[in-house]
Amino acid sequence: MSVTVDPGTDSTGAIVPSVDVAPESQPVGWHHRHLLDVDGLSGSDLDLVMRTADAMHEVLGRPIAKVPALRGRQVTILFYEASTRTRVSFEVAAKNLSADVVNIAAASSSVAKGESLVDTVKTVEALGAHMLVMRHSVSGAPYLAAEVFGGSVLNGGDGWHAHPTQALLDLYTMREGLGGSVAGRKVVILGDLLHSRVVRSNIWTLTAAGADLWLCGPATLVRGFEAWAGRGAAAGRRFHVTTNVDEALRDADVVMALRIQRERMASGLLPSMREYAARYGLTRDRLALARPTALVMHPGPMNEGVEIAPDVAAGVQSVITAQVTNGVAVRMALLYLLAGTHGTHGASGTHASVGS
Ligand code: CP
């Protein structure tokens, strides 16, 4: 027999899920079965993720940081690309929610023998997966997986396209460091925009949350973003693109450096790493242009001495470690919310299909 419970509310009357109980037992207003990108999330969806992450943060502060919410569900983590933060924090998050966790490294699976993505996804579903967390080097791969998987797909990063959980943990960390809101605050994302799925997802969340967003990098690495900014302004999602690092950093509230993605970098985009570090690296002198309280962020992994100086990465303004820690609470929140859109029979495909 299923029992429905009322979720709690905060001081403003907004819903806060009671994360100690199973997610499908309380109506919290979340309707997305998959998390493929953040472009389909409304402002109220973002607020619900943030409030649920706050509730998970409270769980993480308990002597035993575990709730039974996902007991009986299997979360399969299928990564076709290297990862430390995303893969491990999804595993920790799922275990904290009492899910059964299966890890598949593509290099040591039948993918190495030529098995297709679709066959692999059908196989993990036949082996009992209810939720599938995947990373792939090809943009759009998680969308294909979502077409054939009966449960929920969570995108852990696809090609240059999207990294939705990174953008959500970045938003959570900014809100935490800025007193609860990014609205009207100057947020600068500096570096290799061209190859970055992180910036592409952050554009959606930060413009939805009302930040004054600035993107900065050398001309070869900001290509295409001016056109996006024009389309964004027309749709009420305004952001700035500049190659002038001083203009970008002046009076910033948040500075996020992005990794120079050497593995995706075609020759001719940068004269040299040394030249990049000299002209665009986030050094102490450059950071002095921002507000004295500005948060320093980096999604990792870092090339210290290239896009960010070691003393800035480890300095008092750095919240880079907090980003990693917050990733667990935010991923717990997302697993919890998505699990609420279907029961433990999601893997058989017999659940109701809810949302996008
Ligand atoms: N930020 C990020 O995606 O890091 P990993 O590649 O280590 O998961």
Side-chain angles (χ1 to χ4, degrees), residues 35-38 49 53 75-96 101 103-107 131-142 145 153-174 176-177 187-206 215 217 254-265 282 295-304 306-308 312-314 318-335:
L35 182 73
L36 303 175
D37 196 0
V38 280
V49 173
V75 175
T76 294
I77 302 175
L78 172 64
F79 272 39
Y80 290 79
E81 245 192 18
S83 167
T84 302
R85 280 147 283 264
T86 311
R87 194 195 62 70
V88 176
S89 64
F90 259 119
E91 180 170 348
V92 172
K95 286 179 173 169
N96 289 345
V101 180
N103 258 298
I104 303 174
M131 308 186 83
L132 176 62
V133 181
M134 68 175 290
R135 170 172 287 190
H136 205 288
S137 58
V138 174
S139 297
V153 176
L154 294 96
N155 182 1
D158 62 322
W160 302 6
H161 170 244
H163 198 343
T165 62
Q166 181 70 44
L168 290 164
L169 76 85
D170 289 340
L171 179 62
Y172 188 84
T173 306
M174 287 180 210
E176 183 180 61
V187 177
V188 181
I189 303 182
L190 170 67
D192 181 359
L193 307 178
L194 184 66
H195 303 103
S196 176
R197 54 195 174 210
V198 173
V199 73
R200 287 181 174 82
S201 287
N202 262 294
I203 287 172
W204 291 106
T205 47
L206 291 171
L215 308 184
V254 178
V255 185
M256 184 191 300
L258 293 179
R259 184 169 69 90
I260 295 295
Q261 300 197 29
R262 300 174 208 235
E263 74 278 19
R264 303 193 211 269
M265 191 76 66
L282 185 58
L295 307 177
V296 171
M297 301 178 67
H298 193 303
M302 292 185 279
N303 295 306
E304 291 191 33
V306 181
E307 71 268 5
I308 188 166
V312 173
S318 172
V319 291
I320 295 169
T321 306
Q323 286 175 270
V324 178
T325 309
N326 288 337
V328 176
V330 169
R331 290 178 174 119
M332 286 171 74
L334 293 162
L335 288 167

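Both backbone and side-chain heavy atoms feed into the values below; hydrogens, waters and symmetry mates do not. Atoms within each ligand, like the ligands themselves, are counted from 1 in listed order.
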Quick one: salt bridge (charged side-chain N to carboxylate O under 4.0 Å, His left out) pairs with a partner in residues 193-202, sequence neighbours left out? Glu81-Arg197
Can you label the angle between the His136 ring and the Tyr80 ring as parallel, tilted or perpendicular, going by 30° and 60°? tilted
I need the minimum non-hydrogen distance between Asn155 and Gly157, along with the two atoms involved. OD1-N, 2.7 Å
What's the shortest heavy-atom distance between Ala93 and Val328, and which atoms? CB-O, 3.7 Å
Residues Glu176 and Ala322: closest non-hydrogen pair is OE1-CB, 4.5 Å
Minimum side-chain heavy-atom gap Thr173-Met297 below 4.5 Å: yes
Please tabulate, line by line, the atom pairs linking an N/O of ligand 1 to a protein N/O at a distance below 3.5 Å, with the distance in Å to 0.1, or answer 'none'.
unit_1	atom_1	unit_2	atom_2	d
ligand 1	1 (N)	Gln166	OE1	3.0
ligand 1	1 (N)	Pro299	O	2.8
ligand 1	1 (N)	Gly300	O	3.2
ligand 1	3 (O)	Thr86	OG1	3.0
ligand 1	3 (O)	Arg135	NH2	2.9
ligand 1	3 (O)	His163	NE2	2.8
ligand 1	4 (O)	Arg85	NE	3.1
ligand 1	6 (O)	Arg135	NH1	2.9
ligand 1	7 (O)	Thr84	N	2.9
ligand 1	7 (O)	Arg85	N	3.0
ligand 1	7 (O)	Arg85	NE	3.1
ligand 1	7 (O)	Arg85	NH2	3.2
ligand 1	8 (O)	Ser83	OG	2.6
ligand 1	8 (O)	Thr86	N	2.9
ligand 1	8 (O)	Thr86	OG1	2.7
ligand 1	8 (O)	Arg135	NH2	3.3

